[in-house]
Amino acid sequence: MNSAEIRDKFLKFFESKGHTVVRSSSLVPGNDPTLLFTNSGMVQFKDVFLGTDKRNYVRATSVQRCLRAGGKHNDLENVGYTARHHTFFEMLGNWSFGDYFKHDSLVWAWELLTKVYGLPAEKLWATVYETDDEAYDIWHKVIGLPKERIVRIGDNKGAPYASDNFWQMADTGPCGPCSEIFYDHGPDVWGGPPGSPEQDGDRYIEIWNNVFMQFDRQIDPKTGEYTLTPLPAPCVDTGMGLERLAAILQHVHSNYEIDLFQSLIKAAARETNVSDLANNSLKVIADHIRATSFLIVDGVIPGNEGRGYVLRRIIRRALRHGHKLGQTKPFFYKLVKDLVAEMGAAYPELPEAASRVEQVLKQEEERFGETLEHGMKILEAALAKNATKLDGETAFTLYDTFGFPLDLTADICRERNVELDETGFATAMERQKSTARAAGKFKMAAGIEYSGDKTKFVGYDSLAQQSKVVALYVDGSAVTKIEAGQDAIVVLDTTPFYAESGGQAGDAGVLESSGALFAVADTQKIQPEVFGHHGSLIKGSLSVGDSVEAKVDAEQREQTKRNHSATHLMHKALREVLGSHVAQKGSLVDADKTRFDFSHNAPVSAEEIRRVEEIVNREILANAATEAKLMGFDDAVGAGAMALFGEKYGDEVRVLSIGSSRELCGGTHVSRTGDIGLFKIVAEGGVAAGIRRVEAVTGENALALVQSLSNRVNEAAAALKAQPEELIARIAQVQDHVKSLEKELTALKSKLASNQGDELLTQAVDVNGIKVLAATLEGADVTALRETMDKLKDKLKTAAIVLASVKDGKVSLIAGVTADAISKVKAGDLVNFVAQQVGGKGGGRPDMAQAGGTDPSGLPKALEGVAAWVGTKA
């Protein structure tokens, strides 16, 4: 039985018991700001249990997506190391809000497990709270579970009611005993039954917990002791892990062996080029693609605090395991389509948000990819010095410089049996919070140390500069010389290379001398005013003290300048069109595009985008000169300058005036607005609650986009045999023609169905005075079925009729009973009789009812049985 069938059978079972099927709520709790994530099925009903909310139903059932990776419920460190720990999991649950209680809850649980899912009764055990005789008697006297397989669990945690079998929402408030159901995997697996010294083994696995909220727990102010007062309307809250149940039903021991995980593990193996499907890293990746994707679906984006930080931790843990498998390129986001294939039908919001999920994951991968590689080198170097213990300073450097969450470093250490100095890490963290870094010696962005002079930047005025090499680093360590083929970081005394800052990407280019050529791939600040040129030595050798000519890639710089200057104009235009609330929330400017995140609580409409483009291009056409000057910070702000990229500024700032925009910015820009050439927005979307993102292109990239769009318009016009300016009218004509043809087709289908109906009259059989007809109409839609039904009822007089059609694997059913026969046969009952045999259900009025189904293979037999069924009623 696959995971989809398990979900479906669970919901249908409890629906048949009068429960309302409730959709899974978000992983971000909507009714409890104190809870980081939805960690159980009852979270969305918490206010109902507390009495502050009332629903229009008293019985509910759901399959709830849950996450336990932060706060009190944090299973992250165990994921990949055990058979049943996950960050994301699905909880099957049913609830009673003051309606049924222990008897129905336990009897139905037993019925579902043994009758619907077919679990062997002899494999099941139950636990009850030590004093809960009522639950014990239901298990033994009503259900028939032998006494030796019912275990009483008392207070085993050093306090009253502190038991695995006594549930409480908080220290006070609703609480009550619970009864857990365990599955025995057999003597081949080590472990003892619940309550025994070996209970932590894997032989007896808890699969379902039935919580009975029957008391209000309070503290007696006089004695300080707890008191339990019976609740006026006891409630039931149950939860069963889908993954654990699937493992049992699919006859495997580990959750990672079930159908859902096997598909994701194979996808992870495909993207990491790994053939061993038992590799634990593949399990981690498969688990984490579920957690991260659904978090993003529910509006969480990677960040440095709260839920965003938990998401980032999980993503980075997955990427680290991919790196461990040898995959250094972005891969994780490619698993989203596999997840959609597995879970999209159960959670429609997943396929709807798939492209956004891929985008967020890919961006995070790209952000973390390079630093992961550098950070792993630092870690490897530290472990090479001490193979048994990782010092807290190194752990802190990995966290502070490379964004390695502590539990990620702990994960690596645990795999290698290395002790992690968490006390030393905490000390370093506290030191950072309480004191500033020493002025003369900094920890570098590449895990290196530098104590020399600041870099002099001359890149505003020149793209080439004679410079001297003042430091070299290979794998984070200072060296005096590098040879051809080595990757390194070069520090110069003077440079025209812009180091990544304020959202603008770092420059690329070359460092050249008479005997050496160093290709600069990127430029990053390794201290606030010290630039590191990252790249590879193509030929020769390079030593500290050598003179080089530093030459920036002029074409890449020009493209980046155009995009950066356009970003300032776009920001100004967005504020003009959308309102002054628009504020920059993040950016990335490189040679290909500008990406700009800003505060705004609604999608930017097509008309608003057009107006923004119009304003920016008008500024470009004005060809105004760009002016940059240094000013005091207070003077700049007083003159209306904005801090576009939200950097920390000193007393003196660089103010850039471009067109009508005035910003504080240290980036590189065009000399005149006309140098931008052309501006075009290519994408707009949401990245978080209240945060929108636009991407735009300029110059040649914008021209290429416009030409591409023009070519598509011309191709579409040619395909429709029209001129481009006639395209809209021509499309409207085609649409009208299609609608006309659809109407004709519908009429033909109706006529065909009617003709088929006339032919079917001879197939009607007499059952106790009622003409019974059950047949399939080929190619008929629901409308045709209804029209044919009306005609057949008129002609057959006293009759009970079922008509069916099949399209795209789905069955449509309609039943009709004439007025003089409905005292004996009801159309709703009749259609439901057929529907249940084709994977559906239905109902309706006594004279007319319809239904659907998903299993056409059962239709012939179902229709054959209609006459006999009517015979039992007539």
Side-chain angles (χ1 to χ4, degrees), residues 8 12 15 738-874:
D8 185 62
K12 285 183 176 177
E15 189 175 33
V738 169
K739 290 178 181 177
S740 175
L741 292 175
E742 288 175 342
K743 288 181 180 179
E744 291 182 23
L745 180 60
T746 300
L748 289 172
K749 284 183 177 180
S750 179
K751 185 176 181 180
L752 176 63
S754 179
N755 292 336
Q756 291 183 67
D758 291 340
E759 296 172 1
L760 293 173
L761 289 172
T762 58
Q763 298 180 23
V765 296
D766 188 287
V767 177
N768 298 330
I770 298 176
K771 294 292 181 64
V772 178
L773 174 62
T776 299
L777 294 186
E778 299 295 337
D781 56 17
V782 174
T783 300
L785 289 177
R786 285 201 196 99
E787 292 176 353
T788 305
M789 174 64 69
D790 290 339
K791 294 177 181 178
L792 288 172
K793 287 169 70 176
D794 287 341
K795 294 180 179 180
L796 289 174
K797 306 304 181 187
T798 303
I801 306 165
V802 178
L803 298 178
S805 67
V806 179
K807 183 179 181 182
D808 298 328
K810 294 183 179 180
V811 180
S812 294
L813 298 168
I814 189 165
V817 179
T818 55
D820 55 354
I822 59 175
S823 61
K824 299 178 180 179
V825 181
K826 301 292 189 297
D829 296 338
L830 177 55
V831 80
N832 198 44
F833 164 74
V834 178
Q836 288 181 344
Q837 300 179 64
V838 293
K841 66 176 186 176
R845 304 192 313 270
D847 63 327
M848 184 74 77
Q850 66 184 61
T854 58
D855 182 16
S857 64
L859 185 59
K861 183 178 180 181
L863 295 178
E864 288 175 8
V866 168
W869 183 88
V870 172
T872 65
K873 307 292 181 180

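Here the structure is a predicted model, which means the values were calculated and not measured. Side chains are part of it too, since the values below use all heavy atoms of this structure and drop only hydrogens, waters and symmetry mates.
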Novice: Going through the distances and angles, do Leu813 and Val838 end up as a side chain to side chain contact (heavy atoms under 4.5 Å, CB included)?
Specialist: CA-CA 10 Å; Leu813 298 168; Val838 293; 4.1 Å; yes
Novice: Enumerate the residue pairs fulfilling side chain to side chain donor-acceptor pair (under 3.5 Å) with a member in residues 843-856, sequence neighbours excluded, ordered by first and then second residue.
Specialist: Arg786-Gln850, Arg845-Asp847, Asp855-Ser857
Novice: Give the table of side-chain donor-acceptor pairs shorter than 3.5 Å for residues 764-773, with sequence neighbours excluded, one pair per line with atom names and distance.
Specialist:
residue : atom : partner : partner atom : Å
Asp766  : OD1  : Gly769  : N            : 3.0
Asn768  : ND2  : Ala874  : O            : 3.2

Novice: Could you tell me the separation between the CD1 atom of Ile801 and the CG atom of Leu830, rounded to the nearest 0.5 Å?
Specialist: 10.0 Å
Novice: How many angstroms lie between NZ in Lys795 and NZ in Lys793, if you round to the nearest 0.5 Å?
Specialist: 15.0 Å
Novice: If you measure from CD on Glu787 to NZ on Lys791, what distance do you get to the nearest 0.5 Å?
Specialist: 6.5 Å
Novice: Sub-3.5 Å donor-acceptor pair from the side chain of Asp808 to the main-chain atoms of Lys810, do we have one?
Specialist: no
Novice: How about Trp869 and Asp829: do any of their side-chain heavy atoms sit closer than 4.5 Å?
Specialist: yes
Novice: Which pair of non-hydrogen atoms, one from Ala775 and one from Leu863, has the smallest distance, and what is that distance?
Specialist: C-CD1, 4.0 Å
Novice: For the OG atom of Ser805 and the CG atom of Leu785, what is their distance to the nearest 0.5 Å?
Specialist: 4.5 Å
Novice: Shortest non-hydrogen contact from Ala799 to Ala821?
Specialist: O-CB, 4.3 Å
Novice: When you compare the side chain of Val782 with that of Ile814, does any pair of heavy atoms fall below 4.5 Å?
Specialist: no
Novice: Search all heavy atoms of Pro846 against all heavy atoms of Ile822 and return the closest pair with its distance.
Specialist: O-CG2, 3.6 Å
Novice: Could I get the full list of salt bridge (Lys or Arg N to Asp or Glu O under 4.0 Å) partners for Lys841, not counting sequence neighbours?
Specialist: Glu15
Novice: So do the side chains of Lys824 and Thr798 get within less than 4.5 Å of each other, counting heavy atoms only?
Specialist: no
Novice: What I'd like to find out is whether the side chain of Leu761 reaches to under 4.5 Å of the side chain of Leu792, using heavy atoms alone.
Specialist: yes
Novice: Using the side chain to side chain contact (heavy atoms under 4.5 Å, CB included) rule, take Met789 and Leu777 through it: C-alpha gap first, then chi angles, then the decisive distance, then the call.
Specialist: CA-CA 11 Å; Met789 174 64 69; Leu777 294 186; over 6 Å; no
Novice: Check Val811 against Pro856 and note the closest heavy-atom contact, atom names and distance.
Specialist: CG2-CA, 3.7 Å
